[in-house]
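Report on the following structure.
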Amino acid sequence: MRSGSSEFLLDCDPGATPDVASAVSNGSGCTFSLSGDATVRRVRRTWLDTFDWRLYRAGLALEQVTASGRTELVLTGRDGERLAVAQAGSANGSGQQARWPALLGILPPGPLRELLEPVVGVRALAPVAKATSQVRQQRVLNPDAKTVAWLAIDQMSVSYPARAHAAPRLAVSAVRGYQAQAGRLGSVLATMPGVRLAAGIALDAALAAAGTEPAPRTGDIQLTAGMPSAAAMAVILTALLDAIEANVHGTVRDIDTEFLHDLRVAVRRTRSALKLAGGALPGDLAARYRPEFKWLGDLTTPTRDLDVYLLGFDQMTSGLVAATGQDLTPFRQYLERTRTTAHRELARGLRSARFARLTSQWRAELASVRASGKRLAVAKFAAERIAVAQGHALRAGRRITAASPPSDLHDLRKRCKELRYLLEMFGSLYDAGQRWQAVRELKALQDCLGAFQDAEVQRSEIHAFADRMLAERSAPAATLLAMGEIAADLARRQRQARIEVDGRFAAFAGQAGQSRLTALTEAGP
Amino acid sequence: MKILATYNIKGGVGKTATAVNLGFLAARDGYRVLLWDLDPQGAASFLFRIKPRVKGGGQALIHGKRPVDVAIKGTDFENLDLLPADFTYRNLDLMLDEAKRPDRRLASLLAPLKRDYDLVILDCPPSISLLSESVLHAADLLLVPLIPTTLSVRTLDQLTEFVAGFNGHRPKVLAFFSMIDRRKRLHTQIAQDLPAQRPDFATAAIPALSVIEQMSVHRAPVTVFSPRSLASKQYASLWQEARERLKLPQPS
């Protein structure tokens, strides 16, 4: 049995053909030889990760390996150690191979899925690189002709994200109990000309050969205090446009619900930026584009609302006391049907000429703004805008009394969101630690207002759903009763959140919290 | 994880050859197999070209000073590992005598490996001792090679009776004829009659063949270097019978 944790990986120079045999037999102090019976295997490899590289960022690599007609999914750590292996069949037991992109539910239950679930979450796994390897493998023998290690030379041809030949890689895998000998051999091989210890796993080599890098950082905006405010706004809005466009394909193809979520966040931030800081842009640019981004935001709302319902469905039903989860099956089916229709509408909108025109013209406008360089330093502009938003949030909060309707709390939530967006938008101007301290109370208040408003919306929606299901005659009495139980639970959660709002607002509006916010913008630039 | 032991009070009856070949065949079927060479002579270790040496000796293993898995070596075959012999194993009886519950000691030493292996094969030295008792208590199946003589069968009956007296876990016993000399009428007669009469006998039987002796020249199981030989076919049949008696599920 080979010992996965004792693998020595070596990178060769591109085009190198290292004379491994003589290095093995002539290496300093080595008493090894290579067996004559080398085997050559062709291995098809597909590396999978989420769109936002959650596995890579967590130090993991998931590879689908096909060799000799057998396909496996192998999860490894960054040191190459195997953490879990599973047959690459689908969870329905059909024996059919999984088709990517796909959600984790497609994998059969087992250790691999259990390890992936907390990292991958609701995201889909999709190929991030594909390659074919010709692996020439030989045994390394000690003087008793006992195999102590396996030496593999991997010649990898990358086919995705671009066609390229990767430099050869050497791998020395120790047979269990012979790690020391394999280590000695690895050290000898590392002294060969053009050979060095590998800098990363095979995925890194495949991506490097293809001219890309894993987990590229996106959305990082670096503003400088003296930057003209118009140019700074153009930088911010261009980054948001990049985020919108990056998530269109995944949203239209409905790969996972996070694409729409991220697209929607970028649209919402664009709208807030135009509303709160659009004055920095030349002429009526902000005013012209605000209706178009409102259209885009509205387009995404129905599908996202239904996603939120469906994602939280299991949790929602787990609290049922009188009814059972089964009673809600018609409700779930209704939500799924409605979502399919809503998503079709959304996809049509994202494929429309109106959307294409909006993104292309918006990008061109922003490019010209960046070139124009209007003169007002962004630090001063940001401080002014944040102070105004801070005032709006405080006033909205102070208006709230015990008798205030839910709409007043929703108004406070929107003001808090605006303040938060501004703090994030201009975040690169301030010290990260100080910013975290300053938004602590604001974030706690937002969470509480979010819980209140979500319950309010879901409660009124569940009544509307019930009406429509009755009209369609798709709601048995048991389902309606179960929906009523959910509505009651939502009302209870909403009351709980309402009780907490006053305390959270007091913490936010208190002198300490407000001073931290003011100090941030004053000291930042 | 199932535990199979090749056991006989007598030496030179084919215990090691059986352990080595069945270990290879099980690993080839996809089971994760550990073979523990308990015989201080280290024949199984020799056949797999592994030095018969364990750091700290049998003492360290039996008294838990070194975990068993640290001493394990990979063989040249996928899925097949070996816990090598050590010359200090000649004193395993004394070491076990000093341990708590000596007759259950092997079972408790192997327990931490149950996630790593589907099958453990114990290749026992020829003796009747505290070590044998510990093996009998740990094993799910005793595979007993017998030379086809009346006395051998009598020994089997004694063993079966001894095991039947255990409280709690009792291993199944599966005997098979080994080293059958086809020139001897008594051998062929007994080997033919008994398996049909007794359910504790395997139908597979291993003839005395020079190809089996050549294992020490090739330093590999006969099922590796001469897979189509009569010996290999009989070992394959014996493995199938042992697998069924062990009720081993299909390998994962």
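Here is how names work: the chains are called A, B, and so on, in the same order as the sequence lines, proteins then strands, and each is numbered from 1.
Residue B:Q214 places its CD atom among more than 12 non-hydrogen atoms of other residues, nucleotides or ligands, all under 6.0 Å distant. For A:R78, the CZ atom sits in a packed shell: over 12 heavy atoms of surrounding residues, nucleotides or ligands are nearer than 6.0 Å. Under a cut-off of 6.0 angstrom, the local environment of CZ in B:R53 is sparse, with at most 12 non-hydrogen atoms contributed by other residues, nucleotides or ligands. No more than 12 heavy atoms of other residues, nucleotides or ligands sit less than 6.0 Å from atom NZ of A:K130. Within 6.0 Å of CZ in B:R101 there are 12 or fewer heavy atoms belonging to other residues, nucleotides or ligands. Heavy-atom neighbours of B:H169 NE2 from other residues, nucleotides or ligands within 6.0 Å: above the threshold of 12.
Counting heavy-atom pairs under 4.5 Å between each of B:V70, B:I72, B:I50 and chain A puts B:I72 at the top.
Just one of B:D69, B:T75, B:L82 meets the side-chain contact (heavy atoms from CB on, under 4.5 Å) condition when paired with A:R176; it is B:D69.
Of all residues spanning residues 138-148 of chain A, those with a heavy atom less than 4.5 Å away from chain B's heavy atoms are A:R139, A:D144, A:A145, A:K146, A:T147, arranged by number.
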